[in-house]
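Please read the structure below before turning to the comments.
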Amino acid sequence: MRVLQLSANTSAAYAGLLLREWGFDVDHIDVAQAFPHIDETRQAAQSVFMATTIEGAGCAVEPHDIDLRNYDAIIEDVGTDLLSQLALDWHALHKTVPQIHLVSISAFGMTGPASGWQATDLIIQAAGGVLHVSGHEDEAPRKLPGETAAMIAGVHGATAVLAAFYGQQTASDKGTNAIADSDKRNLPEGVHIDISAQDTLMHHWCRHVADYAYSGTLTERQSRDPSGIHTRHTARANDGWVFLLALGQPWQDVAAFLGLGEFLTPDVMTPAAEQPWEAMCDAYDAAVASRSRYEWFADAADLGWTFAPVEDPWSVANGPQTNARKSMHDRHFDGKPIKVPGLPARIWSDIRSGSN
Amino acid sequence: MPTFAPLEGVRVLSFELAFSLPAGTRALHDLGADVVRVSPPERRHDRYISVIDGVFHGKRSMGIDLTNDRGRTLARRLALAADVVCNNFRPAVLGKYGLDEATLRQEKPELICLQLSGYGTPGPWSNYPAFGPSTEAAGGFNRLMYAEDEIPTRLNTGVFSDQLAGRHAALAIVAALQRRRETGAGAGIDLSMTACITHLLGENMTRASMLAETPAFTGNRDDRFVPQGVYRTAGDDEWIAISVTSDEAWRALCTQLNDPQLHPRLDPDADRAARLLVHDDIDRAISEWTAPQHKDEIAISLQAIGVAAAPVRTVADAGLDPQFAARGTLQAVVHDEPKMGFNSHPHPVLPWHIDGFDRRQLTDYRHTGADNRTALADWLDVSSSECDALLASSALHEEGPMSLAPRPEGPPRDPNFGDKLGLR
């Protein structure tokens, strides 16, 4: 499968990156970025990350050199105007090369009253809704880091390219010349898939949208200080922050584990009692700060609890799990070695006696 | 119109819990695959969450006891009849039952096996239990959400990381199916939820490596878009996001702000660098302007003059968003019997539009074991009397119809939600 990536934004570039990392051929047309970074390091970081390729795969092509017959699919986020200028809008494309697929990613999709709206990642995060539950309840909702919305749409874009091509090819294998489950069309023809980043983001908080629809539950942002005997989910260990969650566990077990036995009194444990978080918080913070985040993580895991270290990028890149899985690419920038995230999956086709 | 079903004919057997892998196999279902999920009887599950999450919808459901000899044999036969076998148990679990990738692919090399776990294998954390939010912390996401002097914050959605990992699982499986079509070879795939988060932060991770330090926290601001922020509007906890992406957009925004005499530092001719110096003043002026207005009206008026803006959707109004409505992002799933007092509830469907095709209709949650007979008949040609014997031996189990109740504790509730959403 060979794909042409036409990207002015992050979403199609990320889709192209994922397809390359999964071993498919992706050529790209360099389009001026809609919003280039002003900070040179950010710009360079984006280029280095997005340009990560499986060795030998993909190359840059000029618009006038495009031979559409070489491609099975186009993934784009440049918008309809530029597509039309390049004669790559769906109607023209489909007429010229009927079997090619076109996957278009945009902020709000190509239909609907907001289809022409201007957007940045913050705007999509707001419209997609996840933003409302990000941050603390006493402040404005807080943007998710990076270009989260665009990249999630990119994962969908890569999947759409592969699914469309797979369906087309298997239909062809079967001799049915169709990728539909009914009303078979004359195929193998390509399809046009229109992906809205706003739509894709909806799935990332669908539990809470559904919780409202089923029971009226109003999920909101976190409070800074918990109420009752509920504890902060993030506290400072002696080497950084640790996320603490023992889902469904009774308070007395958690308190005993943390070394807060002094709070296991009837006053505290009686449901009707005024629960003393204010009285307890100093002891709680001191208890958590008595050990490292990795010690808490490991010991909680022994009990089946889901604590975790709050890792910064350096810790992630150099951590024991990352190293064991070899999940970072070693690259060079300005002559210095750097680490760049690789695919989150390991894949093998050989049959092994054990994968672990 | 025909239904878009490129994975029609693909059989997926999924040993799945909670949300991450179920989200991925739901995506495969949406693309036409026949997904059978297997639930072991010993697993506690929250029925309410299982139903409202929507990630089990559309799939067939079987209840198989893997601790039972006949149950294990049955599960193995199903696995060998599948194209894809996946699980999100802890990595060592399926090996105990002879259902791990290495064992299954010895017998069927063309099988695609995916293992999804919190931290992936190999490594010292491989068998640590994980929950979506813990992988956000371990993957670097939370650290980029707060300033050095703050108590860290996090997303208050329990499913962000799970959904992301599920989407990567779907991508991985479709990629492996395509590879198999080309080469005939199956695949083993090990997917880490934490690594999915880290990959999502690719630019920030790369920049941190270049700088040898964590990039500075910038909150809602971005030096490309000045001003950019989230501003309070009329209503309780209602907000609008605004990004000014050009000097032209800035001039347009200035025409909307209140009396410029009150804000002498708001110069419509200021360029991005000049605006950055007075970002706090600009934020105050915008907040004053947005505070008494409705977020949807502001967004429409700003977009009309070329300023990027959108209402911050809440759980209560996401289902009423006109763009979602126009695109059919949420589909009413009709229940056989009313659930929580209503005949249907909205759930998000495949978030793609395909010209000339309908999206696959989403069907309701199936209780554990509801499809024991049909799945076994279709996949293994097992008769109804054989199913009876398997049920009698406890190799198979069926949960039976269930009633739902929301969790007794939790956030506040809106008693008028049904009317607001137009539920029947």
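In what follows, chains are A, B, ... by sequence order, proteins preceding strands, each numbered from 1.
Using cut-offs of 30° and 60° for the angle between ring planes, the A/Tyr214 and B/Tyr48 rings count as perpendicular.
Considering all non-hydrogen atoms of both residues, B/Pro311 and A/Trp117 come closest at CD-CZ3, 4.3 Å. The minimum heavy-atom distance between B/Val230 and A/Leu122, with the atom names listed, is CG2-CD1, 4.0 Å. Of all the heavy atoms in B/Pro6 and A/Tyr166, the pair that sits closest is O-CD2, 3.8 Å. Contact detail for A/Ala345 and B/Leu191: the closest heavy-atom pair is CB-CD1, 3.8 Å. Minimum heavy-atom separation, B/Ala310 to A/Ala127: CB-CB, 4.0 Å. The two residues B/Arg413 and A/Thr217 make their nearest non-hydrogen contact at NE-OG1, 3.2 Å.
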Go through A/His208 and B/Asn156 one step at a time and tell me if the side chain to side chain donor-acceptor pair (under 3.5 Å) criterion holds. CA-CA 10 Å; A/His208 307 286; B/Asn156 201 21; over 6 Å; no
Using the side chain to side chain contact (heavy atoms under 4.5 Å, CB included) rule, take B/Thr157 and A/Arg207 through it: C-alpha gap first, then chi angles, then the decisive distance, then the call. CA-CA 8 Å; B/Thr157 159; A/Arg207 168 178 292 173; 5.9 Å; no
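Of the two parts of A/Phe307, only the backbone, made up of N, CA, C and O, holds a non-hydrogen atom closer than 4.5 Å to a non-hydrogen atom of chain B. For B/Ile197, no part lies under 4.5 angstrom from a heavy atom of chain A. Proximity to chain B is absent for every atom of A/Ala107, based on heavy atoms less than 4.5 angstrom apart. Both the backbone and the side chain of A/Gln198 come within contact range of chain B, with heavy atoms under 4.5 Å apart. Contact of A/Phe333 with chain B is made through the side chain alone, with heavy-atom distances under 4.5 Å. Looking at A/Met328, only its side chain comes within 4.5 Å of chain B, counting heavy atoms on both sides. Neither the backbone nor the side chain of A/Ala153 has a heavy atom closer than 4.5 Å to any heavy atom of chain B. Looking at A/Ala163, the atoms closer than 4.5 Å to chain B (heavy atoms on both sides) sit in the backbone and in the side chain alike.
In this structure, B/Arg207 fails the cation-pi test against A/Phe49, since its NZ or CZ atom is not both closer than 6.0 Å to the six-membered ring centre and inside 45 degrees of the ring normal.
Between the side chain of B/Ser209 and the backbone N or O of A/Ile338 there is no donor-acceptor pair closer than 3.5 Å.
Taking the charged nitrogens against the carboxylate oxygens, B/Glu101 and A/Arg346 have no contact shorter than 4.0 Å, which rules out a salt bridge. A salt bridge between A/Lys143 and B/Asp222 is absent, with no side-chain N of the basic residue lying under 4.0 Å from a carboxylate O of the acidic one. A salt bridge is defined here as a Lys NZ or Arg NE, NH1 or NH2 lying under 4.0 Å from an Asp or Glu carboxylate O, and A/Glu311 with B/Arg143 fails to meet this definition.
Counting only N and O atoms by type, the side chains of A/His136 and B/Tyr146 include no donor and acceptor under 3.5 Å apart. Checked by atom type, the side-chain pair A/Thr120/B/Ser243 shows a donor-acceptor distance below 3.5 Å.
By the 4.5 Å heavy-atom criterion applied to side chains, B/Arg181 and A/Thr170 are counted as neighbours.
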